[in-house]
Structure formats: C-alpha cells, structure tokens
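All residue numbers in this chain count up from 1 along the given sequence. The figures that follow rest on heavy atoms only: side chains count, while hydrogens, waters and symmetry mates do not. Note that ligands are numbered from 1 as they come in the structure, with each ligand's atoms numbered from 1 the same way.
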Amino acid sequence: MAIYPSLITMQCFIVLVCISIFSSTVTASDPPLTLDYYKSTCPNVFDIVRKEMECHVLSDPRNAAFVVRLHFHDCFVQGCDGSILLDDTIDLQGEKKASTNGLNSLKGFRIIDKIKNKLESECPGIVSCADLLTIAARDAVILVGGPYWDVPVGRKDSKTANSDLSSQNIPTANEGLLGIISKFLYQGLSVTDVVALSGAHTIGMARCENFRARIYGDFGATSGMNPLSGSYLGKLKSVCPAISGPGDNNVTAMDNFTPDLFDNSFYNTLLRGEGLLNSDQELYSSVFGIETRKLVRKYAEDPVAFFNQFSDSMVKLGNITNSDSFVNGEVRKNCRFVNT
Ligand code: HEM
Ligand SMILES: *[C@@H]1O[C@H](CO)[C@@H](O)[C@H](O)[C@H]1NC(C)=O
Ligand SMILES: *[C@@H]1O[C@H](CO)[C@@H](O)[C@H](O)[C@H]1NC(C)=O
C-alpha cells in the first residue's frame, strides 16, 4: 500500500513541472476572459443562447448531454477554440473523425449551427463559436436541473484543428485512473476537477463499444453480485453483446436511475460499484484512488458540494485557452468552416 501515494506524488510532480513550464511560456500574455466582453457589441448573447437551448433540451434532454460533451472535447484539444466544430475540407482535417471522438459519435453540431444563425442575424461577426459553445454547455446543465454559474467570455475561434491531439489528449473509457489524472493535470486541471467534471456523466448515454470490456470484465466484482446489480448487469449485457458487431452502437444511460436529470446520483452509482464506464468506476475502485475515492463519497453525500465544485471546475475547463487563437484566431461566420 505504501508505494501508491509516492507513485502518485511522483507522477504529479513530473506533470506539474511540465505544466509550469508550459503555462509560463504560453499563457502569460493572454487577455483574460470577462463576463461583460459582449456587453456593448451583443448585449443579448446570453438570452439568445438560452432561448435556443431551451427549445432543444425540451425536445430531447439528450441534447443537453451532446452539447456538454462537445464543450469538453473542444477544450481538451488546443484549448476552447471551437476546433471541434470544424468539418473536414480539402485543406483541413477536422477532429470529428478522431478515434477518441468515436469516429463521428459526437453529436449536437446542428444545435450549434442553429444558435450561430440566430447570433449572426442579431450581431453579425461578433460572437465566437468557442464562446457560443461554452455558454450553451452552461445552459444545457441548468436546463436538466444542474447548477448555474457565470460564463466568462472573449475566446476566439481557431483556424486550425488537430485530430492527432484529440487522440492524445482526450481520455478514453478503458483508461486507468493515473492516465486520466495525468491528462487533466496536463490541461492545468486538478484531481478534484477530474472527479467533479466526471459527474457530467449523470446525464447522457454511452455506446456498447465503450462499456463492453467493463460489463464482461470486473463489473460483477465491483458491484458485489447482489440480486439488484445482477439484474442490472443482465440488462446491460442484453443491450451490449459480448462480441463486437451490430450491437456496437447500442446505447445505455451512464446514470441508470435519473438519466435525464443533472444530479449527484452518478456518484451513488460508483459507491454501489455499478459505474458503466471503467474510467468512472476507477474513481472509486482503483487502488490508486485514495484521493478520488474520498471525493466520490463527498459528492454522493452532499449534492450542494458537488454542484459548487462542478461550477468552479467548468469555469476552469472553459478557461483553457488557445494563445495562438488570441493572436491569429477569428470569429467564424459558420462554426463548421474557417472564414474565407
Ligand atoms: C474523465 C474522463 C472522461 C472519460 C474517460 C469520458 C468518456 C466518455 C465516454 C466513453 C462516453 C460515451 C461516448 C459514446 O459511447 O458515444 C462519454 C459520454 C459523455 N461524456 Fe465523458 N468522459 C470523461 C469526462 C467527461 C467530462 C469532463 C465531461 C463534461 C464536463 C463529459 C461529458 C460527457 C457527456 C455529457 C456524455 C454523454 C454524451 C451522450 O449522451 O452522447 N465527460 N464520456
Ligand atoms: C441492441 O439493444 C437492444 C435492446 O436495447 C437489443 O434488443 C438488441 O438485440 C441489441 N442489438 C444487438 C445487435 O445486440
Ligand atoms: C484563467 O486563466 C488565466 C490565465 O490565462 C488566469 O490568470 C486566471 O486565474 C484563470 N481563471 C480561473 C478561474 O481559472
């Protein structure tokens, strides 16, 4: 047991050194994001985004999950710069087909297009797609019962995307806890941010190929094989056959109690050992998870503590900036293409 903390400390130390070098050279001159960036140029930006998101989430709560995940996948690749929204063209390889984006499993792009159209008709050329997506993700969370937080704005859209960086930076379902933690530390986020932001899995669905190894692997062991979890596991296996094939894109909720509600029941799922994704269950069950286990227990017991930390962590996620975009970026007219 004694070696685990020191292993973690060592890994954190190495990564932290890299981060401090990285941040001191890259982000020092970035203009800070502010709440009133659009105050004179597009005073209704927050209302416009909210109204649009209301329609989309009302018609299907899954739309909230799509948008929140898009924002996360945007920010983990060269900062929150709208790079995830770019389509493939002759000149540009987008991120949508990257393996970590499930070769097109990301959805919600049409929602972003619609909001962008509204913004362009009211304040043409003003609001970046990166800001739009950040605001929309906040509204998505509120509309399914989650917390409110203020969204700092002022991002620019990139003229580039990076598919390779998607594959490197975005954590995957079967990744171990240390791998996931180091990917967050690399972005300047903390272990607390890992646990709190994973709580976004209280909404939305996962595809069979992302939980197959888990349900035919250690799910039985972590959940203790009681009759209730046994029947849940049986249901999961009927949705997701053991052999890869036509069932690969079958989906099921990550929070099977309140799949459309943003609450803290995701953490209770982990306490029962019934996390759908291996990466989620690791937060509670990994031998390296001394700190993460404590946080899982805390958020399971205290929904207010979860909401407060989730809000703070989302602001930090949205604060991962792309320095290059501040200099060379633009406000895209169409979120799918760089301006010509
Ligand atoms: C901690 C590491 C994380 C891992 C390994 C991970 C992995 C995954 C996987 C495998 C899926 C299912 C995708 C599919 O099968 O199509 C998923 C869905 C989702 N993730 Fe994460 N994720 C992580 C963190 C986050 C964070 C930080 C957020 C947002 C703050 C987030 C938001 C979502 C949402 C909302 C969905 C549901 C999307 C839908 O319904 O289609 N995830 N995640
Ligand atoms: C997909 O899931 C449904 C139940 O939701 C199941 O009836 C079907 O057999 C699954 N598809 C495959 C190929 O296993
Ligand atoms: C956001 O990033 C800037 C540096 O780019 C930093 O000064 C500021 O403290 C960060 N804010 C938050 C809330 O993390």
Donor-acceptor pair, Arg297 side chain versus Tyr284 backbone, under 3.5 Å?
-> no
Given Leu317, Thr252, Asn210, Ile170, which has its nearest heavy atom closest to atom 14 (C) of ligand 1?
-> Asn210
At the 4.0 Å heavy-atom cut-off, does Phe211 count as touching ligand 1?
-> no
Measure Arg62 to ligand 1 on non-hydrogen atoms and call it side chain, backbone, both or neither using the 4.0 Å cut-off.
-> side chain
Answer yes or no for Leu277: is there a heavy-atom contact with ligand 1 below 4.0 Å?
-> yes
May I ask you to check whether Asn249 and Arg207 show a side-chain donor-acceptor distance below 3.5 Å?
-> yes
Identify the protein heavy atom lying closest to atom 10 (C) of ligand 2, giving its residue, its atom name and the separation to 0.1 Å.
-> Asn250 ND2, 2.4 Å
Closest protein heavy atom to atom 35 (C) of ligand 1, given as residue, atom name and distance to 0.1 Å | Ala65 O, 3.3 Å
Atom 43 (N) of ligand 1: the protein heavy-atom neighbour that sits closest, reported with distance to 0.1 Å = His201 NE2, 3.0 Å
Atom 14 (O) of ligand 2: any protein heavy atom closer than 4.0 Å | yes
For atom 24 (C) of ligand 1, find the nearest protein heavy atom and state the residue, atom name and distance (0.1 Å precision).
-> Phe72 CE2, 3.3 Å
Can you list the atoms of ligand 2 that are under 4.0 Å from a heavy atom of Gly247?
-> 12 (C), 13 (C)
Polar proximity ligand 1 side, Thr172 side, N/O cut 3.5 Å exclusive | no
Donor + acceptor pair across side chains of Ser167, Asp164 (<3.5 Å) = no
Taking atom types as modelled, is there a side-chain donor on Asn44 or Glu122 under 3.5 Å from an acceptor on the other?
-> yes
Does Met205, backbone or side chain, put an N or O under 3.5 Å from an N or O of ligand 1?
-> yes
Give a yes/no on ligand 1: does Lys183 have at least one heavy atom closer than 4.0 angstrom to it?
-> no
Any N/O pair Asn319/ligand 3 closer than 3.5 Å = yes
Using a 4.5 Å cut-off on heavy atoms from C-beta on, say whether the side chain of Phe219 contacts that of Leu236.
-> yes
Looking at atom 34 (C) of ligand 1, what's its closest protein heavy atom, distance included?
-> Arg69 CB, 3.8 Å
Among protein heavy atoms, which lies nearest atom 5 (O) of ligand 2, and at what distance?
-> Val239 CG2, 4.0 Å
Give the residue and atom name of whichever protein heavy atom lies nearest to atom 16 (O) of ligand 1, and the separation in Å to one decimal.
-> Arg207 NE, 2.8 Å
Ion pair check, Arg336 and Asp113, cut-off under 4.0 Å | yes
Should the pair Asp260-Arg62 be classified as a salt bridge under the 4.0 Å nitrogen-to-oxygen rule?
-> no
Should the ring pair Trp149 and Phe310 be called parallel, tilted or perpendicular, given that the plane angle runs from 0 to 90° and is split at 30 and 60?
-> perpendicular
Among protein heavy atoms, which sits nearest to atom 30 (C) of ligand 1, and what does the distance come to when rounded to 0.1 Å?
-> Ala200 CB, 3.6 Å
Using a strict cut-off of less than 4.0 Å between a Lys/Arg side-chain nitrogen and an Asp/Glu carboxylate oxygen, indicate whether Arg214 and Asp218 qualify as a salt bridge.
-> yes
Which residue and non-hydrogen atom of the protein lie closest to atom 2 (C) of ligand 1, and at what distance in Å?
-> Pro171 CG, 3.4 Å
Return the residue, atom name and 0.1 Å-rounded distance of the protein heavy atom closest to atom 7 (O) of ligand 2.
-> Ser238 O, 4.7 Å
